[in-house]
Every structure is written in C-alpha cells, then in structure tokens.
Amino acid sequence: MSERETERTRTTVSIYGQQYTIVSEEGAAHVKEVAQYVDQKMKEIRKRNPLLDTTRLAVLTALNVADDYVKMNKKLEQLEAKLKEEDKEDV
C-alpha cells in the first residue's frame, strides 16, 4: 500500500493545556492514549520541578518517555531471549 493509500486519522488532543491535531495511521483511541501518557508525564515532572519553563519541561518529559521506552525494549529483548532458550530446551 502506498503512502497516499494509507488511511490517516485526524485527532485533536490536549497536552499540558495546549490543543494539538495529530494526523496518524493509528486510530483515535491510540492517539488519545499516547497524548494522555505524555500529559501525565509532564504534570508529574512539573510537580517535582515547579520552576521549569515549558521548553525544559518538554525536554525532560521526552527524556523520561525515552527512558521508559529503552527500558521496555531491553525487557522485551530479555523475555524474547528467555523464550528462545526455553524453545531450545524443549527440542
């Protein structure tokens, strides 16, 4: 399927008091879930660091989300390796 044939959805979300219209191949529910996660992270970080300006807050949020992502990927790789080992033992 070419890029032009791919169905895209426009979803408006609110992140840290700002409205954003996101165009995505994912459904609206997914986009809203992701936006809610980012909004929650920003609020958590702001609570711990009330003097941060919005740009620094956004960068720290991005770093925290990236940290979560990297940790989850490592955990996934470990689980996949464990499953492969178990499959080898079963053979």
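Hydrogens, waters and symmetry mates are skipped; everything else that's a heavy atom, side chains included, is used. Note that this is a predicted model, so its numbers are computed, not measured.
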- Message: Is it true that Gln40 and Glu44 share a donor-acceptor pair across their side chains at a distance under 3.5 Å?
- Response: yes

- Sequence neighbours excluded, every pair satisfying salt bridge (charged side-chain N to carboxylate O under 4.0 Å, His left out) that has a member inside residues 58-70: Lys41-Asp68, Asp67-Lys71

- For Lys75, check salt bridge (charged side-chain N to carboxylate O under 4.0 Å, His left out) against everything at least two apart and list the hits. none

- Note on the structure: Looking only at heavy atoms, the pair that brings Glu26 and Val31 closest together is O-CG2, 4.3 Å

- Task: Could you tell me the separation between the CD1 atom of Ile45 and the CG atom of Leu63, rounded to the nearest 0.5 Å?
- Result: 8.5 Å

- Query: Would you say Val13 and Val34 are hydrophobically clustered, going by side-chain heavy atoms of ILVMFWY under 4.5 Å?
  - Reply: no

- Message: When you group the ILVMFWY residues by side-chain heavy-atom contacts below 4.5 Å and let the links chain together, are Tyr20 and Val38 in the same group?
- Response: yes

- Query: Can you list the other members of the hydrophobic cluster that holds Tyr69, where links are side-chain heavy atoms under 4.5 angstrom apart?
  - Reply: Val70

- Message: My understanding is that a hydrophobic cluster links ILVMFWY residues whose side chain heavy atoms are under 4.5 Å apart, including indirect links. Using that, what else belongs to the cluster containing Leu83?
- Response: none

In a table with atom names and distances, give each donor-acceptor pair under 3.5 Å that connects a side chain of residues 51-62 to protein atoms at least two apart or in another chain.
unit_1 : atom_1 : unit_2 : atom_2 : d
Asp53  : OD1    : Thr55  : N      : 3.0
Asp53  : OD1    : Arg56  : N      : 2.8
Thr61  : OG1    : Leu57  : O      : 2.8

- Query: salt bridge (charged side-chain N to carboxylate O under 4.0 Å, His left out): which pairs involve residues 29-40, sequence neighbours left out?
  - Reply: Asp39-Lys43

